[in-house]
Amino acid sequence: MLFGYAFALRIFKAQLLLNGYVIHKIDKQALTQGHKYLAKDQSTRPILISEIKVAEGLRWKRKNDYSFQSLSNFTLEFSIFFKQPQYKLKTKMPKELFTALEPINQKRNTLHYLAIDPGSYSQQIIDELICIRRCFNDFLVTKQNQLVKELNYPDIHSRKPL
């Protein structure tokens, strides 16, 4: 069950990166006074990489010969994707995926308090795991097919969702 959870977090963060958003927490102390609001805003909306570049005076840098000083080593928590609609929206994932993942997230957050028999799963949990698998399979197949098309590979490399 937690494998799907960890995989979901990686996919959500990858989606943010692919769409030009930061996935690391912003260190408010490393920003100038005029840009400290970005650290606060990050708790309610994804922050564009370009916003960090402007805040750090790197707006015109095009190559990857710089590093951000205002990003910490810590990445966004999974719960932000459930609590903040803007994050959910930017992942471009189906609503039913979030519906399936939210109870897993809640249960994961209380695991150290519970003594659960891992062999006892309800049909609802099984259905949610099937939903998670389907959604991620569809996502990965779509991404692969986009790459096949962009790189002009033969159609033989294209896949169909499960």
Side-chain angles (χ1 to χ4, degrees), residues 1-28 30-31 36-53 55 67-68 70-151 153 157-162:
M1 180 166 64
L2 292 179
F3 172 76
Y5 173 86
F7 190 69
L9 183 57
R10 287 187 181 110
I11 293 288
F12 290 170
K13 288 178 181 179
Q15 275 295 92
L16 286 179
L17 281 173
L18 288 170
N19 289 303
Y21 296 95
V22 298
I23 62 167
H24 286 264
K25 290 186 175 183
I26 298 170
D27 179 3
K28 183 178 182 177
L31 293 170
K36 290 189 184 288
Y37 70 91
L38 290 172
K40 184 175 185 275
D41 284 4
Q42 190 178 35
S43 65
T44 58
R45 70 171 180 92
I47 304 297
L48 286 164
I49 294 169
S50 60
E51 291 178 271
I52 298 296
K53 286 178 77 173
S67 62
F68 294 117
S70 62
L71 299 182
S72 76
N73 292 331
F74 300 102
T75 59
L76 300 169
E77 295 100 5
F78 198 30
S79 58
I80 201 164
F81 293 98
F82 299 108
K83 294 178 183 173
Q84 299 303 327
Q86 287 299 313
Y87 279 93
K88 203 179 286 190
L89 182 69
K90 299 299 181 190
T91 63
K92 300 178 182 175
M93 292 292 180
K95 183 181 175 183
E96 65 263 18
L97 178 60
F98 289 98
T99 303
L101 284 169
E102 193 160 14
I104 295 171
N105 183 56
Q106 291 169 349
K107 187 167 283 190
R108 180 201 166 270
N109 290 339
T110 60
L111 271 181
H112 51 284
Y113 297 117
L114 303 173
I116 298 174
D117 177 11
S120 61
Y121 292 114
S122 69
Q123 186 60 46
Q124 179 184 354
I125 291 174
I126 294 169
D127 292 343
E128 289 169 351
L129 291 172
I130 290 169
C131 173
I132 292 168
R133 179 176 178 248
R134 181 185 50 77
C135 289
F136 285 128
N137 179 69
D138 292 352
F139 170 79
L140 292 172
V141 167
T142 300
K143 289 295 180 190
Q144 177 180 337
N145 290 341
Q146 287 173 347
L147 282 172
V148 166
K149 187 176 181 179
E150 287 174 22
L151 298 173
Y153 284 176
H157 296 289
S158 294
R159 299 283 182 258
K160 292 182 181 178
L162 293 177

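Side chain of Lys92 to main chain of Gln15: no donor-acceptor pair is present (N/O by atom type, distance under 3.5 Å, no hydrogens or angles). Remark: side-chain polar atoms of Lys36 are paired, donor with acceptor, to backbone N or O of Leu31 under 3.5 angstrom.
Phe12 has its ring centre less than 6.0 Å from the ring centre of Phe98.
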Step-by-step side chain to side chain contact (heavy atoms under 4.5 Å, CB included) determination, Asp41 to Ile26: CA-CA 10 Å; Asp41 284 4; Ile26 298 170; over 6 Å; no
Gln42/Ile80 under side chain to side chain contact (heavy atoms under 4.5 Å, CB included): CA gap, chis, key distance, verdict: CA-CA 10 Å; Gln42 190 178 35; Ile80 201 164; 5.6 Å; no
Pair Leu71, Asp27 - check side chain to side chain contact (heavy atoms under 4.5 Å, CB included), show working. CA-CA 6 Å; Leu71 299 182; Asp27 179 3; over 6 Å; no
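Taking CG of Leu89 as the reference point, atom CZ of Phe81 lies at 12.0 Å (rounded to 0.5 Å). Distance NZ/Lys25 to OG/Ser43: 10.0 Å, rounded to 0.5 Å. In this structure, NZ on Lys40 lies 12.5 Å from OH on Tyr37, to the nearest 0.5 angstrom. Taking CD from Glu102 and CZ from Phe78, the interatomic distance works out to 10.0 Å, rounded to the nearest 0.5 Å. Considering NE2 of His24 and CD1 of Ile49, their distance stands at 10.0 Å, rounded to 0.5 Å.
Remark: Lys28 NZ is loosely packed, at most 12 non-hydrogen atoms of other residues, nucleotides or ligands lying under 6.0 Å away.
Counting heavy atoms from C-beta on, the side chains of Gln146 and Thr142 come closer than 4.5 Å.
Annotation for Ile23 and Lys13: closest pair CG2-O, 3.4 Å, computed over non-hydrogen atoms. Glu51 and Arg45 make their closest contact through OE2-NH2, 2.9 Å (heavy atoms, listed as atom of the first residue, atom of the second, distance). The minimum heavy-atom distance linking Ala30 with Ser70 is given by the pair CB-CA, 3.6 Å. Nearest heavy atoms, Pro46 versus Tyr21: CB-CD2, 3.3 Å. Residues Leu76 and Leu16 approach most closely at CD1-CD1, 3.9 Å, considering heavy atoms.
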